[in-house]
Structure formats: structure tokens, C-alpha cells
Visitor: 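Pasting in a structure now, in C-alpha cells, and then I'll have a few things to ask.
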Amino acid sequence: LSWKVNARNLSQAGPGMAGVLQGQGTVSGSYKLPQVKGTLKGGNVRYQDLSVQAVDINITQNGANYSVQGVLRSVKQGENVVTYAELKGQGTVERHSATLAAVHKDGKLNAAVSGGLVNGQWNGAVNTLALRETVAGDWQLTAPIRINASAQAVTVSNSCLANRQNARFCAQQTSWTKQAGLVAKGQLQQVPLAMARPFLPPNIQLPGRLIADYQFEQRNGQPFARINVQLPDNAVVVVSERGRKDTFRYTNTRASIVLNNRNATVDAQLDVVGRGQMRTQGQVMLSPENGQHRLDLRTTVNMPSITWL
């Protein structure tokens with residue numbers, strides 16, 4: 001048995017579609033031990049605002065063993081651009097492995113996974129994961145992430161991404177069940193504030209670090225989240241056009257946000273040594289239906305002297 005695809009003008013297939021898709025393949029062997037080979041190539045494929053400059057997919061099956069290799073070039077959707085993506089996979093349903101490499105305009109991703117599907121449950125691991133050349137620097141997984149997944153529940157082992165300065169993004173106690181929904185906790189440890197440099201004016205320097213923890217869960221089908229952020233004592237440096245540096249040392253800096261369904265409670269404080277204090281408390285009422293969110297925040301500023309302004 002052989003098959004062939006020769007779609008030279010996808011615009012005739014449906015509205016919002018364009019490009020070229022061509023492929024061919026064969027199926028031979030017995031029912032229990034089939035042998036499958038197939039290729040699919042395409043150019044300038046588009047569906048609505050999603051476009052792919054080039055597609056190249058090769059699939060082979062020899063009995064229970066599968067092999068898949070796919071390459072996508074210049075994948076665009078809105079402002080998101082993936083210039084290159086490659087997926088390789090091989091093995092059987094019960095035991096398989098795959099690698100993924102992708103180049104985005106904001107960085108590069110490399111990952112490797114392995115596992116197996118038995119009796120409707122997938123047990124496996126993300127063995128390696130690396131993010132490189134991002135605005136936040138280079139990060140990699142400190143240990144494999146163990147994953148158990150079925151249609152009823154998903155559990156994920158504790159995991160951390162770390163950089164060379166030993167800053168860490170850690171996820172803990174992450175799980176999902178059909179009955180209870182998603183539960184997730186995690187921490188950010190010693191993350192340099194300098195990572196925010198691409199988003200700040202060039203005359204502002206942040207030598208400090210950030211510590212945070214988060215919690216998310218679904219309570220009776222409604223979202224509940226808690227985020228705590230702390231900035232260990234440090235400073236903000238502002239450089240004038242003439243090169244003069246003004247240093248503002250801060251202490252007792254923290255913020256807490258608790259989201260209960262559509263109501264968020266905010267509590268934040270900042271002390272600038274020798275300059276003054278700021279406290280903010282209140283609520284934010286979210287209204288995603290019409291975007292008319294309500295703010296009820298109270299901010300107090302205690303500034304003994306303004307001569308430094």
C-alpha cells in the first residue's frame with residue numbers, strides 16, 4: 001500500500017490556509033509487524049496567523065519500533081518567532097525517548113525526555129533541559145524531572161533550574177487530579193535583579209537579589225494563589241547623564257499577593273535608608289469579562305526630608 005500527498009495550493013483546501021504540502025509513503029509487512037515509511041515536506045504553510053516557512057517530517061515504523069524526525073523553520077504567530085525547531089523520537093510505545101531543540105528570538109531550548117506508556121499511564125522523565133542566550137541568562141536542569149501521567153492524575157517530582165551564579169527557579173509538590181485540579185508550589189532563590197536589565201532604563205543599576213515563593217491550587221473549582229517576594233537589603237544605583245551615581249539603599253523590602261478567585265489582597269513595604277518609608281495595602285477586584293478591574297489600595301509615604309529630591 002502506498003500513499004501520496006500533492007497539495008500545491010492549500011488555499012483551495014479552506015479559508016485562511018496557504019502554502020504547499022507534499023509527501024509520500026508506503027505500508028508493507030503483516031498486520032502484527034507492519035513496516036511504515038513516510039515523508040512530508042512543505043513550504044510557506046499558513047493557517048490564519050500561524051505560518052511555517054519550511055516543514056520536513058520523516059516517519060518510519062518497523063514492527064513495534066517507531067522513528068520520527070521533524071524539522072520546522074521560521075514558525076511565526078503574531079510577535080512570536082521560532083526560527084528553528086527539531087524533534088527526534090524513537091522506540092516503542094512502552095519504551096521511547098525524544099529530543100527537542102528550538103531557537104526562539106529570545107533564546108535557545110534543548111531538552112531530552114524518555115519514558116513509556118503502559119496500561120494507560122505514562123511514566124518517564126525530562127532528563128535534561130537547558131535554556132541558553134535568554135534575556136535572563138543561561139539555565140539548566142539540576143536533576144531529572146520524574147513524571148507520572150494518566151487521564152486521571154499527573155504528578156511531577158521536585159525540580160530546579162539553576163544558572164552559573166546558583167540562582168534557582170524551583171518547583172515543588174506539583175500535581176493535577178481530575179477531582180482536585182492543579183496544585184503547585186515553588187521558590188525563586190537568590191535571583192539577580194540584574195536579570196531585569198533589558199526591561200529597565202540604561203541608567204538604572206540593580207545589584208541586589210530576589211527571593212520569592214509561590215503557591216497555586218484550585219479550591220472548589222476556583223483559583224487560589226499566594227506569592228511572597230523579598231529583596232534582601234541592597235541598593236538601587238541611578239546614573240545621571242553626566243555620570244554621577246546616586247545610591248538608594250533599601251531595607252525591609254517585601255510584597256505579598258493573595259488571590260482568592262477574583263479578589264487579590266496586596267501588602268507591600270519599602271524602606272529607603274535615610275530617605276523614607278512606603279507602605280501599600282488593599283485589594284484588587286478582577287473582572288475578566290469586561291476588563292473593568294477595580295482597585296482599592298491605600299499607600300502611605302513617610303519622608304522626613306525632601307531635600308534629596
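Residues: numbered from 1 along the sequence shown. The basis for the numbers below is simple: all heavy atoms, side chains too, and nothing from hydrogens, waters or symmetry mates.
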Visitor: So, the side chain of Asn9 versus the backbone of Ser11: is there a donor-acceptor pair under 3.5 Å, distance only?
Guide: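 A pair under 3.5 Å: yes.
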Visitor: Is Leu129 close to Leu109 at the side-chain level, that is, under 4.5 Å between some pair of heavy atoms?
Guide: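 With C-beta onward as the side chain, the pair touches.
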Visitor: For a quick check under 3.5 Å, do Asn260 and Arg219 share a side-chain donor-acceptor pair by atom type?
Guide: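 There is no such pair between these side chains.
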Visitor: Determine, using the 4.5 Å side-chain heavy-atom cutoff (strictly less than), whether Leu297 and Leu286 are members of one ILVMFWY cluster.
Guide: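 Both belong to a single hydrophobic cluster.
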Visitor: Would you say the side chain of Gln190 lies within less than 4.5 Å of the side chain of Ile211, judging by non-hydrogen atoms?
Guide: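 A side-chain contact under 4.5 Å exists here.
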Visitor: To the nearest 0.5 Å, how far apart are CD in Gln172 and CG in Asn158?
Guide: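 If we round to the nearest 0.5 Å, Gln172:CD and Asn158:CG are 5.0 Å apart.
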Visitor: Show the nearest heavy-atom pair for residues Leu141 and Val126, with the distance to one decimal.
Guide: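 Here Leu141 and Val126 meet closest at CD2-O, 3.6 Å.
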Visitor: Give, for atom CH2 of Trp176 and atom CD of Gln152, the distance between the pair rounded to the nearest 0.5 Å.
Guide: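 Between atom CH2 of Trp176 and atom CD of Gln152 there are 7.0 Å.
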Visitor: Is any NZ, NE, NH1 or NH2 atom of the basic residue among Arg132 and Asp138 found under 4.0 Å from an Asp or Glu carboxylate oxygen of the other?
Guide: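 Not counted as a salt bridge, because no side-chain N and carboxylate O are separated by less than 4.0 Å.
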Visitor: In this structure, which one of Gln281, Gln277, Arg254 forms a side-chain hydrogen bond (donor to acceptor under 3.5 Å, both in side chains) with Gln269?
Guide: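 Looking at Gln281, Gln277, Arg254, the match for Gln269 under the side-chain hydrogen bond (donor to acceptor under 3.5 Å, both in side chains) is Arg254.
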Visitor: Does Val229 belong to the same Ile/Leu/Val/Met/Phe/Trp/Tyr cluster as Leu259, with side-chain heavy atoms less than 4.5 Å apart forming each link?
Guide: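 Not linked; separate clusters.
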Visitor: Output the distance between atom CD (Glu86) and atom CG (Asn110), rounded to the nearest 0.5 Å.
Guide: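 It is 10.0 Å, given to the nearest 0.5 Å.
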Visitor: Can you name the nearest heavy-atom pair linking His293 to Ser287, along with the distance?
Guide: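 Heavy atoms only, the tightest pair is ND1-N, 2.8 Å.
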Visitor: Hey, any chance Val236 and Leu231 share a hydrophobic cluster, counting ILVMFWY side chains that come within less than 4.5 Å of each other, even indirectly?
Guide: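 Yes, it is one cluster - the side chains of Val236 and Leu231 are joined through contacts under 4.5 Å.
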Visitor: Compare all side-chain heavy atoms of Asn302 with those of Thr300 and state whether any distance is below 4.5 angstrom.
Guide: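 Asn302 vs Thr300: side chains apart.
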Visitor: Heavy atoms only: give me the nearest Val52-Arg73 pair and the separation to one decimal.
Guide: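 It is CG1-O, 3.7 Å.
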Visitor: Are there more than 12 heavy atoms of other residues, nucleotides or ligands under 6.0 Å from atom CZ of Arg46?
Guide: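 Atom CZ in Arg46 is crowded, with more than 12 foreign heavy atoms closer than 6.0 Å.
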Visitor: Rounded to the nearest 0.5 Å, what separates atom CG in Leu210 from atom CG in Leu193?
Guide: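 Between Leu210 CG and Leu193 CG, I get 6.0 Å after rounding to 0.5 Å.
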Visitor: Using a 4.5 Å cut-off on heavy atoms from C-beta on, say whether the side chain of Gln53 contacts that of Ser51.
Guide: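 With C-beta onward as the side chain, the pair stays apart.
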Visitor: So, Gln230 versus Asn228: side-chain donor-acceptor pair below 3.5 Å or not?
Guide: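 Looking only at side-chain atoms, Asn228 and Gln230 do not form any donor-acceptor pair under 3.5 Å.
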Visitor: Measure the shortest side-chain to side-chain distance between Phe169 and Val191 over non-hydrogen atoms and say whether it is less than 4.5 angstrom.
Guide: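 In short, these two side chains touch, coming nearer than 4.5 Å.
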Visitor: Less than 3.5 Å apart, any donor N or O on the side chain of Thr280 or Thr299 sitting next to an acceptor on the other?
Guide: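 Distance-only check passes for Thr280 and Thr299.
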Visitor: Please round to the nearest 0.5 Å and tell me the distance separating atom CG of Leu87 and atom CG of Leu100.
Guide: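 The distance works out to 6.0 Å.
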Visitor: Would one find more than 12 heavy atoms of other residues, nucleotides or ligands at under 6.0 Å from atom CD of Gln90?
Guide: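 No, the 6.0 Å shell around CD holds no more than 12 heavy atoms from other groups.
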Visitor: Taking side chain as C-beta onward, heavy atoms only, is Met195 less than 4.5 Å from Leu206?
Guide: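 Contact flag for Met195/Leu206 side chains = no.
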Visitor: Side chain to side chain contact (heavy atoms under 4.5 Å, CB included) between Asn234 and Tyr250: does it pass, once the steps are laid out?
Guide: CA-CA 6 Å; Asn234 211 296; Tyr250 56 80; 3.4 Å; yes
Visitor: With side chain to side chain donor-acceptor pair (under 3.5 Å) as the criterion, how do Arg168 and Asn166 come out once you've worked through the C-alpha distance, each side chain's angles and the decisive distance to 0.1 Å?
Guide: CA-CA 6 Å; Arg168 293 177 174 239; Asn166 204 32; 3.3 Å; yes
Visitor: Would you kindly confirm whether Tyr66 and Trp3 end up in one hydrophobic cluster when ILVMFWY residues are joined by side chain heavy atoms under 4.5 Å apart?
Guide: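 No, separate clusters.
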Visitor: Looking at Thr134, Thr83, Val103, which hits side-chain contact (heavy atoms from CB on, under 4.5 Å) with Lys108?
Guide: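 The residue from Thr134, Thr83, Val103 that satisfies side-chain contact (heavy atoms from CB on, under 4.5 Å) with Lys108 turns out to be Val103.
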Visitor: So if you build clusters from Ile, Leu, Val, Met, Phe, Trp, Tyr with side-chain heavy-atom gaps below 4.5 Å, do Phe216 and Val156 land together?
Guide: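 Yes: a chain of side-chain contacts under 4.5 Å links Phe216 to Val156.
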Visitor: To the nearest 0.5 angstrom, please state how far the CZ atom of Arg8 sits from the CG atom of Leu21.
Guide: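 The distance works out to 12.0 Å.
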Visitor: Could you go through the side chain to side chain contact (heavy atoms under 4.5 Å, CB included) check for Gln121 and Asn148 one step at a time?
Guide: CA-CA 7 Å; Gln121 181 163 324; Asn148 298 321; 4.1 Å; yes
Visitor: Quick check: closest heavy atoms across Asn65 and Thr92, and the distance to 0.1 Å?
Guide: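 That closest heavy-atom pairing would be OD1-CG2, 3.4 Å.
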Visitor: May I ask you to decide whether Asp271 forms a salt bridge with Arg279, counting only side-chain N to carboxylate O separations under 4.0 Å?
Guide: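 Looking at Asp271 and Arg279, the cut-off is met.
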Visitor: Without swapping roles, check the side chain of Gln179 against the backbone of Gly181 for a donor-acceptor pair under 3.5 Å.
Guide: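 Side chain of Gln179 to backbone of Gly181: no pair is present.
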Visitor: Measure across Gly120 and Ser150 and return the closest heavy-atom pair with its distance rounded to 0.1 Å.
Guide: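 Result for this residue pair: O-CB, 3.7 Å.
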Visitor: Please check if the number of heavy atoms outside Asn220 that lie under 6.0 Å from its CG is greater than 12.
Guide: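 Atom CG in Asn220 is not crowded, with 12 or fewer foreign heavy atoms closer than 6.0 Å.
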Visitor: Closest approach of Gln165 and Arg209, non-hydrogen atoms and distance?
Guide: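 That closest heavy-atom pairing would be CB-NH2, 4.3 Å.
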Visitor: Asn123 versus Val118: any side-chain heavy-atom pair under 4.5 Å?
Guide: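 No. Closest side-chain heavy atoms not under 4.5 Å.
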Visitor: If you count heavy atoms of other groups shown closer than 6.0 angstrom to NZ of Lys105, is the number above 12?
Guide: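 Count over threshold, so yes.
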Visitor: I'd like to check His104 versus Asn80 (side-chain heavy atoms, cut-off strictly below 4.5 Å). Are they in contact?
Guide: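 A side-chain contact exists here, since the closest heavy-atom pair is under 4.5 Å.
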Visitor: Go through Leu72 and Val55 one step at a time and tell me if the side chain to side chain contact (heavy atoms under 4.5 Å, CB included) criterion holds.
Guide: CA-CA 5 Å; Leu72 302 178; Val55 180; 3.9 Å; yes
